[in-house]
S.K.: 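One structure coming up, written as structure tokens, with questions to follow.
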Protein chains: 2
Amino acid sequence: MFLRITRNNTSHLSTLGDFGISSQSDAAVNLNEITYKKGTEIYGEKEPAEYVYQVKKGAVRTYKLLSDGRRQIGAFHLVGDIFGLVDASTHRFTAEAIVKTTLRLIKRRTLDTVADTDTVVTRELLSMAMLNLKHVEDHMLLLGRKDSVERVAAFLVEMDEREASQVMALPMTRRDIADYLGLSLETVSRALSRMRHAGLLNFVGSTQREIVILDRMRLRAVDFK
Amino acid sequence: MFLRITRNNTSHLSTLGDFGISSQSDAAVNLNEITYKKGTEIYGEKEPAEYVYQVKKGAVRTYKLLSDGRRQIGAFHLVGDIFGLVDASTHRFTAEAIVKTTLRLIKRRTLDTVADTDTVVTRELLSMAMLNLKHVEDHMLLLGRKDSVERVAAFLVEMDEREASQVMALPMTRRDIADYLGLSLETVSRALSRMRHAGLLNFVGSTQREIVILDRMRLRAVDFK
DNA sequence: CGTTTAATTGAAAATGCTCAACTCGGGTGG
DNA sequence: CCACCCGAGTTGAGCATTTTCAATTAAACG
């Protein structure tokens, strides 16, 4: 199957998911799909970057490790997100499937070849890198200067913004959230408990991973403090 | 004066300073220079991004603020560095001169116009965005998962790598370093004292901003722990 | 020079972490 | 089918690291 990455008509894009992939082909990019089981590695840090990925189903975490096992998750990639995009030939994060996940694969080299002749594709890559950059820059402020409740609130707001339905069904564990926010899992749990008791949110269903935001106003107020 | 941004012959670049600016002109970019006094704002967060800047002399800090004054410095820009590069029309950081600083200005719109017709320039912008991204990604790990001594060690190694001479003359205050590392200025001071007493470094001259690394091996060992 | 800003150091307080106990659900296998 | 086990989550208590507050010293700058 041959598809072409198309340009959005707005000059910059609101989410990675906005990148359309259609079949009006002149600059052809070979496509593939793979499904990964829960917990399996998609690629490792420092491995050669052969592909760029788009999440079709499931969720992915990308992270860095210190030698003693401390982990920093850089981002969660949900349905529609494109990740694994690097300029160099080597990945700077490890990527793992959080749950059973289906990915669309795009050969990096093919993309490069297309970009060589097609300015539009190069600009697209630039846009995506910039969007990526914005997320990481905001996350830096969170990690450097926000307290635990502010971090968890920011996380919930971020996830809530990507969720169409009322009930957020988070695919990641408390440990994942903790490693994303630079906290311990216990601190994340305590912050969620405090927010629940304060009437900001509630757990529904049998798991504690299905969350309903009860007071978006106050949650955002905590986030943007 | 009309200059052209030229491509490096390596596929990706080790520092922003590696971007040569020469006068072999076919895609012309208008250039200008401005000098800023110590402490003055170059641009503010959310202001329209009219220019891209290159440090000719001095040093710049770029940061984000929370409403109650907490500050996160995203990067220090030293001589040769290019900053202020955004895809959108709006800056995402505030930029300030740390000391008396001379900047080279490049009109953003001119650059965009050139990039529209010149793939090489677009790829250059992409390379710079990716390099930027790498720095911020590494800094995320530091802010999320490293302790105070590891952070200060990483800062010193980073500065040391950009300094040709034996003596590092840091332009920034302890507060700046603290806001870069997500610490209090007292914690930075204590970490430096501990490293000095451990024989890793020493202060020279009358100020405490001139630092000599005595044991690069051990300093790096702390950084890469 | 004198005043202001920067840096260091100590002591007390706060925030978040570690360790530990306990609960709850969802498999798994006897 | 049910008991058990395991992973995930919550909660408490004590501990560690970092922050805050404060005092002092040193340096920079008009």
Side-chain angles (χ1 to χ4, degrees), chain A residues 37-39 61 66 68-72 98-100 142-153 155 168-198 201-211 222 225, chain B residues 37-39 61 66 68-72 98-100 142-153 155 168-198 201-211 222 225:
Chain A
K37 275 187 285 211
K38 176 178 163 179
R61 59 181 166 243
L66 291 173
D68 61 359
R70 282 174 289 175
R71 182 178 69 159
Q72 180 61 46
I98 297 174
V99 292
K100 188 182 164 192
L142 179 149
L143 292 172
R145 288 299 177 213
K146 291 188 178 178
D147 67 29
S148 62
V149 174
E150 291 171 334
R151 291 182 200 208
V152 173
F155 168 74
M168 266 197 285
L170 300 174
M172 67 291 282
T173 66
R174 298 292 188 259
R175 167 156 295 285
D176 288 332
I177 300 171
D179 286 347
Y180 179 57
L181 299 178
L183 297 170
S184 71
L185 68 93
E186 293 93 336
T187 299
V188 171
S189 180
R190 279 185 248 270
L192 286 171
S193 292
R194 285 173 60 186
M195 288 177 174
R196 181 163 56 85
H197 291 128
L201 55 86
N202 211 351
F203 297 141
V204 296
S206 58
T207 38
Q208 273 95 309
R209 298 219 197 141
E210 291 173 69
I211 294 178
V222 175
K225 189 156 89 180
Chain B
K37 273 187 288 209
K38 176 178 163 179
R61 59 180 167 244
L66 291 173
D68 60 359
R70 283 174 289 175
R71 181 178 69 158
Q72 179 62 47
I98 297 174
V99 292
K100 187 181 166 194
L142 178 148
L143 293 172
R145 287 300 177 211
K146 291 188 178 178
D147 67 30
S148 62
V149 174
E150 290 170 333
R151 291 182 200 208
V152 173
F155 168 75
M168 267 197 286
L170 300 175
M172 66 290 283
T173 67
R174 298 289 188 261
R175 167 155 297 284
D176 288 333
I177 300 171
D179 286 348
Y180 179 57
L181 300 178
L183 297 170
S184 71
L185 68 94
E186 293 93 335
T187 299
V188 171
S189 180
R190 280 184 245 271
L192 286 171
S193 292
R194 285 173 60 185
M195 287 177 175
R196 181 163 56 86
H197 292 126
L201 55 87
N202 212 352
F203 297 141
V204 296
S206 60
T207 32
Q208 273 93 311
R209 299 219 197 142
E210 292 173 67
I211 294 177
V222 175
K225 188 159 88 180

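Quick note: numbers below take in every heavy atom, side chains included, and nothing from hydrogens, waters or symmetry partners. Chain identifiers are assigned alphabetically (A, B, ...) following the order of the sequence lines, protein sequences preceding nucleic acid strands; residue numbering begins at 1 within each chain.
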S.K.: Between A:Arg209 and A:Thr173, is there a side-chain heavy-atom distance shorter than 4.5 Å?
M.R.: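 In short, these two side chains touch, coming nearer than 4.5 Å.
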S.K.: Mark yes or no for whether A:Glu150, through its side chain, and A:Asp147, through its backbone, hold a donor-acceptor pair below 3.5 Å.
M.R.: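 Flag set: sc A:Glu150 to bb A:Asp147 pair under 3.5 Å.
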S.K.: Which residue, B:Asp147 or B:Lys38, contacts DNA chain D at a nucleotide closer to its 5' end, judged by nearest heavy atom?
M.R.: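 Whichever sits nearer the 5' end wins; that is B:Asp147.
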S.K.: B:Leu185 side chain: which of D:dT18, C:dT8, D:dT10 is closest?
M.R.: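 Looking only at side-chain atoms, B:Leu185 lies closest to C:dT8.
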S.K.: Please state how far atom CZ in B:Arg174 lies from atom C1' in C:dA6, giving the value in whole angstrom units.
M.R.: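 The distance from CZ of B:Arg174 to C1' of C:dA6 comes to 9 Å, rounded to the nearest Å.
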S.K.: I want to check something: taking the side chain as every heavy atom from C-beta on, are B:Arg71 and B:Asp176 in contact at a cut-off of under 4.5 Å?
M.R.: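 Counting from C-beta outward, B:Arg71 and B:Asp176 do come under 4.5 Å.
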S.K.: Could you check which of D:dC21, C:dT8, D:dT11 has an atom nearest any side-chain atom of A:Glu186?
M.R.: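 The listed nucleotide nearest to A:Glu186's side chain is D:dT11.
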S.K.: Using atom CE of A:Met172 as one end and atom P of D:dA8 as the other, report the distance to the nearest whole Å.
M.R.: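 Between P of D:dA8 and CE of A:Met172: 14 Å.
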S.K.: With a 3.5 Å distance limit and no angle check, can you tell me whether A:Ser193 reaches the backbone of A:Ser189 through a side-chain donor-acceptor pair?
M.R.: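 Yes, A:Ser193 side chain to A:Ser189 backbone: donor-acceptor pair under 3.5 Å.
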S.K.: For D:dG9, take OP1 and OP2 only and decide whether either is under 4.0 Å from a side-chain N or O of A:Arg209.
M.R.: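 For D:dG9, OP1 or OP2 has a side-chain N or O of A:Arg209 closer than 4.0 Å.
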S.K.: If you check the A:Leu183 side chain, which of D:dA8, D:dA22, C:dG16 turns out closest?
M.R.: C:dG16
S.K.: Give one of base, sugar-phosphate or nothing for B:Gly205, where a contact means two heavy atoms less than 4.0 Å apart.
M.R.: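 Touches nothing.
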S.K.: With heavy atoms under 4.0 Å as the rule, sort A:Ser184 into base, sugar-phosphate or nothing.
M.R.: base
S.K.: Between the base of C:dG10 and the side chain of B:Arg190, is one N or O donor paired with an acceptor at under 3.5 angstrom?
M.R.: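 Side chain to base: pair found, below 3.5 Å.
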S.K.: Over how many whole Å does the gap from A:Arg196 atom CZ to D:dT10 atom P extend?
M.R.: 8 Å
S.K.: Nearest whole Å is fine: how far is C:dT8 C1' from B:Met195 CE?
M.R.: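 The distance from CE of B:Met195 to C1' of C:dT8 comes to 16 Å, rounded to the nearest Å.
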S.K.: Hey, does the side chain of B:Gln72 reach the backbone of B:Tyr180 with a donor-acceptor pair shorter than 3.5 angstrom?
M.R.: yes
S.K.: Expressed as a whole number of angstroms, how long is the span from B:Leu192:CG to D:dT18:C1'?
M.R.: 15 Å
S.K.: Scan B:Ser206 against the nucleic acid and name what it touches under 4.0 Å (heavy atoms): base, sugar-phosphate only, or nothing.
M.R.: sugar-phosphate
S.K.: What integer distance in Å separates B:Arg194:CZ from D:dT17:C1'?
M.R.: 10 Å
S.K.: Starting at atom CZ of B:Phe203, determine the distance to atom P of C:dA7, rounded to an integer number of angstrom.
M.R.: 10 Å
S.K.: Please report the distance, rounded to the nearest Å, between CZ in B:Arg145 and C1' in C:dG16.
M.R.: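 These atoms are roughly 11 Å apart.
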S.K.: Using the side-chain heavy atoms of A:Thr187, tell me which of these nucleotides is nearest: C:dG16, D:dG9, D:dT19.
M.R.: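 It is C:dG16.
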S.K.: Between A:Thr173 and B:Thr207, which is nearer to the 5' end of DNA chain D once each is assigned its nearest nucleotide?
M.R.: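 Its nearest nucleotide lies further toward 5', so the answer is A:Thr173.
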S.K.: Can you check whether B:Ser148 has a side-chain N or O nearer than 4.0 Å to OP1 or OP2 of D:dT18?
M.R.: yes
